[in-house]
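As structure tokens, the structure follows; a few thoughts come after it.
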Amino acid sequence: MRVSVFTEPNRGATYDTQLRFAQLVEACGYEGFLRADHYQSMGADPGLPGPTDAWLTLAALARETQRIRLGTLVTSATFRLPGPLAVMVAQVDQMSGGRVDLGIGAGWYEREHTSYGIPFPPVGERFDRLAEQLEVITGLWSTPSGETYSFTGDHYRLVDAPALPKPVQVPGPPIIVGGRGPKRTPELAARYAAEFNMPFKSVADTAKAYDRVLEACERTGRAESGRDPLVLSAGIVVAIGRTDAEAQRRAAPLHEKSALPPEDPVVGSPAQLAQRIGEFAAAGATRVHLRLIDFNDLDHLELIAAEVLPQLDGERWPT
């Protein structure tokens, strides 16, 4: 089981705070550090001291870490044009020595779009744009050096793009597509992604989502095309403690009003988290992303590393 840590700097975190956290993620033996790509908090709290851009942050972390994977869960297709995004991610992949994952989605949080003047089209158009972005990004990365790439869609048009720079990873950084959508999300994951992620739902709901995406893989002929099987991952909201009181203290922010949909957190002991990870593994997951809320609660990160990671199958990542 691959275990990464997922964070939400939009709740309020400076770059220095994220750097300290990410370096401890690496030192503790986790596989990766992934962060949300949002420009605003989800509740009434303004998220002081304000947002940090996901890819600017990851570029800096790429130079200040050595081993952990770095990425987004998930970049919003509404925030950036696909050509410049492909350049940006390829550059960060180079800066990290090939340690980047690109999680990308259609975008959903209207308030941050309104606040920062970002167009927010209807959901159908957002998914259409996401599909074209995935086609463009993978097309640019896979174009042989010395050749150009062109694309004409309903929303984006590229003419003779030099398709540079090239990422270190071939044919490109693993793309993560995920979400609760029953139709278009599984199809896009089957066609373009290396990983399908079901975020923060029950094991039963996650297993149903896995069934849908595996059926989509069959419909699209993924195996016949010679592509690797889709990695199945799960997001888990975590509030773990040595005592129940400690766990409940860490879970307190989960009770605040938020724009996020209902979630299925693990609040309790390290053994309970290990059990939940095992249940996801039985459903087919080979990677989990643990969502930790408080960047300043370094003890939480260390507790899970000490008490949960050793219980999981497989070797711990070297520290």
Flag the pair Ile68 / Glu31 as yes when at least one side-chain heavy-atom distance between them is below 4.5 Å, and no otherwise. no
Is there side-chain contact between Trp141 and Pro171, with heavy atoms separated by less than 4.5 Å? no
Rounded to the nearest 0.5 Å, the CD atom of Gln248 sits from the OG1 atom of Thr243 at a distance of 9.5 Å
If every non-hydrogen atom of Gln91 is compared with every non-hydrogen atom of Pro165, which pair is closest and at what distance? N-CG, 4.3 Å
Is the distance between the ring centroids of Phe79 and Tyr39 under 6.0 Å? yes
Within the structure provided, determine whether Leu290 and Ile304 are in side-chain contact (heavy-atom separation under 4.5 Å). yes
Return the CZ to NE2 distance between Phe21 and His300, rounded to the nearest 0.5 Å. 9.0 Å
So for atom NZ, which belongs to Lys208, do other residues, nucleotides or ligands contribute more than 12 heavy atoms lying within a distance under 6.0 Å? no
How long is the straight-line distance from OH of Tyr156 back to CZ of Phe151, given to the nearest 0.5 Å? 9.5 Å
Tell me if the CD atom of Gln23 is crowded by more than 12 foreign heavy atoms within 6.0 Å. yes
Measure from NZ or CZ of Arg291 to the centre of the six-membered ring of Phe200, then state whether that distance is under 6.0 Å and the direction lies within 45° of the axis. yes
So which heavy atom on Cys28 is nearest to which on Ala305, and how close? CB-CB, 3.6 Å
Please name the pair of heavy atoms, one in Asp93 and one in Ser96, separated by the smallest distance, quoted to 0.1 Å. O-OG, 3.1 Å
Is there side-chain contact between Leu70 and Val92, with heavy atoms separated by less than 4.5 Å? no
Test side chain to side chain donor-acceptor pair (under 3.5 Å) applied to Asp264 and Ser202, step by step: CA-CA 6 Å; Asp264 188 31; Ser202 70; 5.0 Å; no
Decide yes or no for Tyr109 and His38: does some side-chain heavy atom of the first lie under 4.5 Å from some side-chain heavy atom of the second? yes
Would a line drawn from the ring center of Phe120 to the ring center of His113 be shorter than 6.0 Å? yes
Polar side-chain atom of Ser225 near backbone of Arg222 as donor-acceptor pair, under 3.5 Å: yes
Do the non-hydrogen side-chain atoms of Ile277 and Ile236 ever get within less than 4.5 Å of each other? yes
Give me the atom names and distance for the closest heavy-atom approach of Ser233 to Ala285. CA-CB, 4.5 Å
Donor-acceptor contact below 3.5 Å, side chain Gln133 vs main chain Ala77: yes
Can you measure from CZ (Arg287) to CZ (Phe280) and round to the nearest 0.5 angstrom? 15.0 Å
Is the closest side-chain heavy-atom distance between Val123 and Trp108 below 4.5 Å? no
Quick check for you: to the nearest 0.5 Å, what is the distance between Leu85 atom CG and Arg80 atom CZ? 6.5 Å
Are the side chain of Arg250 and the backbone N or O of Ile240 linked by a donor-acceptor pair below 3.5 Å? yes
With a 4.5 Å heavy-atom cut-off, do Gln18 and Leu58 have their side chains touching? no
Roughly how far, to the nearest 0.5 Å, is the CG atom of Leu214 from the CG atom of Leu232? 5.5 Å
Crowded around Arg180 CZ? As in, over 12 foreign heavy atoms under 6.0 Å? yes
So with a 6.0 Å cut-off around CZ of Arg126, is the heavy-atom count from everything else above 12? yes
Side-chain (Gln272) to main-chain (Val266) donor-acceptor, under 3.5 angstrom: no
